[in-house]
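Count residues from 1 along the sequence. Here the structure is a predicted model, which is why all the values come from computation and not from measurement.
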Amino acid sequence: MSAHNPPSSSSCESEKQTPSLEAEIPHILVVEDDPEICGLLQRYLKRLGYQVSTAVTLAEVMAVQQNAPVDLTLLDLMLPQEDGQTICRHLRQFSDTRIVMLSALNDLRNRISGLDLGADDYISKPFDLEELGARIRAVLRRTASPVTLPAADQTLQYRFDNWLFEPAKRALYAQTGIRIALTGSETDLLLIFCQNVQRVFPREELLARMHGEEKNVDSRAIDLLISRLRRKLSHQGRQLELIRTIRGDGYIFDPDTIRS
């Protein structure tokens, strides 16, 4: 990764809350405090045709989100105020934006932590701009054409074990009526399970269904995604055995009852 004629800090900050003016053009939010990297990413992403906004703090991130929908957030982990993990947690509470984490921390623990918080991908610094562009396109493809929603199924619902799942809203509703937001990947995975109850899925098949022909997908991605989904399907802190591990074979979705 290298910068050419990096902008000054002020030139980067001047676009912190740029609204998305054309809904059909993907809107990317860059959350990065290094003005050189921020400017490099702005120029590169704009050259690829994206709308770009920038932010450094959680307040700025929320302001951008309120001004216009954000399709994808590039989120640095090491920030001067709230760290990237804190911002990721907040985003997952109110936004369906895809999240790609950027970090100089390349150990396995940090990658797992980022993915477990709800990030869709994790890229280590220094990174190659072309690889970053390919990762962004791959994540946006999953958003643009999820396995979830054929046009005729916008009102599709699934009810199982006191849960209501509405794929179009990316939401689970508990029996109490509490809404639990799902990420795009969690929605896609749960829909696969709901459409294939009591079928054992090898990890490789779930990876293929979720990521298609994409390369460089961590084989642990499905394990981490299932771990997140299990926690959201927990009841009063107790994880129910709705998604069971079949040792040596994969995973099975096994509710007591299900109806759509």
(request) Only counting residues at least two apart or in another chain, list the ones meeting ring-ring contact (aromatic ring centres under 6.0 Å, His included) with Phe253. (result) Phe160, Phe193
(request) Could you go through the side-chain contact (heavy atoms from CB on, under 4.5 Å) check for Val70 and Ile28 one step at a time? (result) CA-CA 6 Å; Val70 174; Ile28 296 179; over 6 Å; no
(request) Working to the nearest 0.5 Å, report the span between OG1 of Thr97 and CG of Leu29. (result) 7.0 Å
(request) Ignoring hydrogens and angles, tell me if any N or O in the side chain of Asp83 forms a donor-acceptor pair with the backbone of Leu79 under 3.5 Å. (result) no
(message) Assigning hydrophobic clusters by single linkage (Ile, Leu, Val, Met, Phe, Trp, Tyr; side-chain heavy-atom cutoff under 4.5 Å), is Ile192 placed with Leu164?
(response) no
(request) Could you tell me whether the side chain of Asp161 and the main chain of Asp256 form a donor-acceptor pair under 3.5 Å? (result) yes
(message) Strictly distance-based, threshold 3.5 Å: is any side-chain N or O of Asp34 a donor or acceptor partner for the main-chain N or O of Ile37?
(response) yes
(request) Mark yes or no for whether Arg159, through its side chain, and Ile258, through its backbone, hold a donor-acceptor pair below 3.5 Å. (result) no
(request) Give the cluster check for Leu75 versus Met62: same hydrophobic cluster or not, with ILVMFWY residues linked at side-chain heavy-atom distances below 4.5 Å. (result) yes
(message) Any side-chain to backbone donor/acceptor pair from His27 onto Gln51? Under 3.5 Å, distance only.
(response) no
(message) When you group the ILVMFWY residues by side-chain heavy-atom contacts below 4.5 Å and let the links chain together, are Leu207 and Val200 in the same group?
(response) no
(message) Could you check whether any side-chain heavy atom of Leu140 comes within less than 4.5 Å of a side-chain heavy atom of Tyr50, counting everything from C-beta outward?
(response) yes
(request) Return yes if a side-chain donor-acceptor contact under 3.5 Å exists between Arg231 and Ser227, otherwise no. (result) yes
(request) Decide whether Tyr173 and Asn162 meet the rule of one side-chain donor and one side-chain acceptor closer than 3.5 Å. (result) no
(message) The criterion is side-chain contact (heavy atoms from CB on, under 4.5 Å); which residues satisfy it with Glu204, sequence neighbours excluded?
(response) Pro202
(request) Sequence neighbours left out, what passes side-chain contact (heavy atoms from CB on, under 4.5 Å) with Arg244? Give chain and number order. (result) Glu241, Ile246, Ile252, Asp254
(message) Test your reading of the model: is there a side-chain donor-acceptor pair from Glu82 to the backbone of Leu58, 3.5 Å cut-off?
(response) yes
(message) Assigning hydrophobic clusters by single linkage (Ile, Leu, Val, Met, Phe, Trp, Tyr; side-chain heavy-atom cutoff under 4.5 Å), is Val30 placed with Phe127?
(response) yes
(request) First locate atom CD1 of Ile226, then atom OH of Tyr251, and finally report the distance between them rounded to the nearest 0.5 Å. (result) 4.5 Å
(message) With side chain to side chain contact (heavy atoms under 4.5 Å, CB included) as the test, pick out the partner of Asp76 among Asp33, Leu41, Ile87.
(response) Asp33
(message) Do Ile178 and Leu172 make a side-chain contact, defined as non-hydrogen atoms from C-beta onward lying under 4.5 Å apart?
(response) no
(message) Has Glu60 got a side-chain atom pairing as donor or acceptor with Val56's backbone, closer than 3.5 angstrom?
(response) yes
(request) With rounding to the nearest 0.5 Å, note down the distance linking CZ in Arg135 to CG in Leu102. (result) 10.5 Å
